[in-house]
Amino acid sequence: MDTIDERSVTIQPLHKDWYGSKIAAVDMLRLDLVHSVVSGNKWYKLRLNIHEAVERGYKAILTFGGGYSNHLVATAFAAKLHGLKSIGIVRGRHDELTPTLQQCIGYGMELIFVTHDDYKNKDQPDWARTLVSHFDELLIIPEGGANGWGRKGAGLITRFISPGYTHVVLSVGTGTTFAGIRNNLPTYQQMLGFVPMKQGTYLSEHINPYLSTDANRNWQLTDDWHFGGFGKWNESLLLFMNGFYQMNNIPLDIIYTSKMMYGLQQMIANDSFNAADRILCIHSGGLQGNSSVAKWLNY
Ligand SMILES: *Cc1c(COP(=O)(O)O)cnc(C)c1O
């Protein structure tokens, strides 16, 4: 089995024609290159959790997600790599398995399907106990890796962010990665989070409580580019992804990073930045989720 290797991460400048003359530089941190399955931010959110599981002698990891969850498949892979079993509690019945769930099974994850209603109980301490045996041998990681180790691990991403950037831009799902980075990044560097869902800025409530007092400045979320909601897309998004790839040779994912880059380009055009600003966009991965649209993509 191949390994997860941080040394493959690069910072790639975008083509100047993509952002024009209204801003000094736009670069992309290619966390998607960490690994093709455990892509991007998922590895950072998992790594300290996995370390904890191994150190404490747990035998398995249990976590949660929907049928298209990048977190679920990343956990399956990372657990296997570290000699741990993995159990995924899946939201919904899925009589037909999604490609993501098939991949999870391929990496040895045991899947337990629960109804949407039952899934709502997932954060109650004893609920998972009713579903699995040998409960005490399991380390439980919340959905999206949203715990203290997840945030701390995400904070390690700042090692790639040099002081010359005025802005750091990333896509937000649970806000775990965002909070981890904000806590670990000098506050003069602005953070801008793109939420790919309708009314997504409520997620600031999931970020705020986890920020240290010092770090709780110079950040904001926008949900203006949700394209109809989480997982929704249209033809202009596909066209954008193909154009972005053609110009920059960087594949974006349909759920998160494409909407972020689409929105960012519009914000640059609308004079939301100063001409001297230097932006670092974080490519958080998620490319395995493109299988449903692969036939329309030129990569
Ligand atoms: C999971 C994911 C995110 C969201 O990360 P959070 O820490 O949950 O906010 C962003 N981008 C991609 C590609 C992802 O897979």
Side-chain angles (χ1 to χ4, degrees), residues 1-12 14 27-50 63 65-81 98-101 103-104 106-107 141 143-146 150-151 153-161 168-181 193-197 230-231 233 237 240-241 244-245 248-264 280-294 297 299:
M1 195 179 269
D2 51 347
T3 52
I4 302 167
D5 191 355
E6 211 176 41
R7 283 171 303 183
S8 43
V9 173
T10 58
I11 291 188
Q12 186 174 337
L14 299 191
D27 296 348
M28 192 161 233
L29 175 62
R30 300 287 310 273
L31 292 186
D32 57 310
L33 299 175
V34 168
H35 189 269
S36 61
V37 178
V38 190
S39 65
N41 63 340
K42 297 298 182 283
W43 166 239
Y44 288 89
K45 294 195 286 183
L46 279 170
R47 54 192 285 177
L48 300 184
N49 277 294
I50 300 253
T63 194
Y68 297 91
S69 166
N70 292 330
H71 165 70
L72 216 50
V73 67
T75 304
F77 185 93
K80 178 164 187 179
L81 193 63
T98 63
T100 305
L101 295 175
Q103 252 186 317
C104 289
Y107 298 129
I141 303 178
E143 185 181 53
R151 284 186 293 276
L156 299 173
I157 294 169
T158 58
R159 65 177 56 159
F160 299 111
I161 306 177
V168 172
V169 167
L170 79 154
S171 185
V172 173
T174 59
T176 308
T177 309
F178 192 96
I181 293 177
F194 285 84
V195 191
M197 48 194 106
F230 191 70
W233 50 270
L237 189 62
F240 173 81
M241 292 165 78
F244 190 88
Y245 183 76
N248 298 300
N249 204 25
I250 300 176
L252 299 173
D253 83 292
I254 187 86
I255 310 279
Y256 290 101
T257 52
S258 57
K259 295 180 182 179
M260 164 177 90
M261 296 313 288
Y262 189 104
L264 179 65
L280 182 68
C281 311
I282 297 184
H283 193 318
S284 38
L287 296 170
Q288 65 88 19
N290 277 353
S291 53
S292 60
V293 292
L297 296 175
Y299 54 86

Backbone N/O of [Y] and side chain of [X]: donor-acceptor pair under 3.5 Å:
| X | Y | result |
| --- | --- | --- |
| Thr257 | His283 | no |
| Asp32 | Leu252 | no |
| Lys45 | Gly144 | yes |
| Thr10 | Gln12 | no |
| Thr158 | Gly155 | yes |
| Ser171 | Met260 | no |

Sequence neighbours left out, what passes side chain to side chain contact (heavy atoms under 4.5 Å, CB included) with [X]? Give chain and number order.
| X | answer |
| --- | --- |
| Asn70 | Lys42, Tyr256, Gln288 |
| Leu156 | Tyr44, Arg47, Arg159 |
| Ser292 | none |

For the [atom1] atom of [X] and the [atom2] atom of [Y], what is their distance to the nearest 0.5 Å?
| X | Y | atom1 | atom2 | answer |
| --- | --- | --- | --- | --- |
| Thr75 | Ile50 | OG1 | CD1 | 7.0 Å |
| Leu297 | Ser258 | CG | OG | 9.0 Å |
| Phe244 | Leu237 | CZ | CG | 12.0 Å |
| Asp27 | Ile161 | CG | CD1 | 11.5 Å |
| Thr98 | Leu72 | OG1 | CG | 9.0 Å |

Exactly one of Ile157, Asn41, Val169 should register a side-chain contact (heavy atoms from CB on, under 4.5 Å) with Ile282. Which one does?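 Single side-chain contact (heavy atoms from CB on, under 4.5 Å) partner of Ile282 among Ile157, Asn41, Val169: Ile157.
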
What closest approach, in Å, do [X] and [Y] show between heavy atoms, and which atom pair accounts for it?
| X | Y | value |
| --- | --- | --- |
| Arg30 | Asn249 | NH1-O, 4.2 Å |
| Gly150 | Thr176 | C-CG2, 3.9 Å |
| Met28 | Leu14 | CB-CD2, 4.1 Å |
| Lys259 | Gly231 | NZ-N, 4.0 Å |
| Leu46 | His71 | CD2-CE1, 4.1 Å |
| Trp43 | Ala78 | CZ3-CB, 4.4 Å |

Step-by-step side-chain contact (heavy atoms from CB on, under 4.5 Å) determination, Tyr68 to Ile255: CA-CA 10 Å; Tyr68 297 91; Ile255 310 279; 6.0 Å; no

Taking the side chain as C-beta and beyond, is there a heavy-atom pair between Met241 and Ile254 under 4.5 Å?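 In short, these two side chains touch, coming nearer than 4.5 Å.
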
Close side-chain approach of Phe77 to Ile4, heavy-atom, < 4.5 Å: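 Yes, side chains in contact.
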
Test Ser284 against Leu31 for side-chain contact (heavy atoms from CB on, under 4.5 Å), laying out the working first. CA-CA 6 Å; Ser284 38; Leu31 292 186; 5.7 Å; no

Candidate pair Met261 and Ile250, rule side-chain contact (heavy atoms from CB on, under 4.5 Å), full reasoning: CA-CA 11 Å; Met261 296 313 288; Ile250 300 176; over 6 Å; no

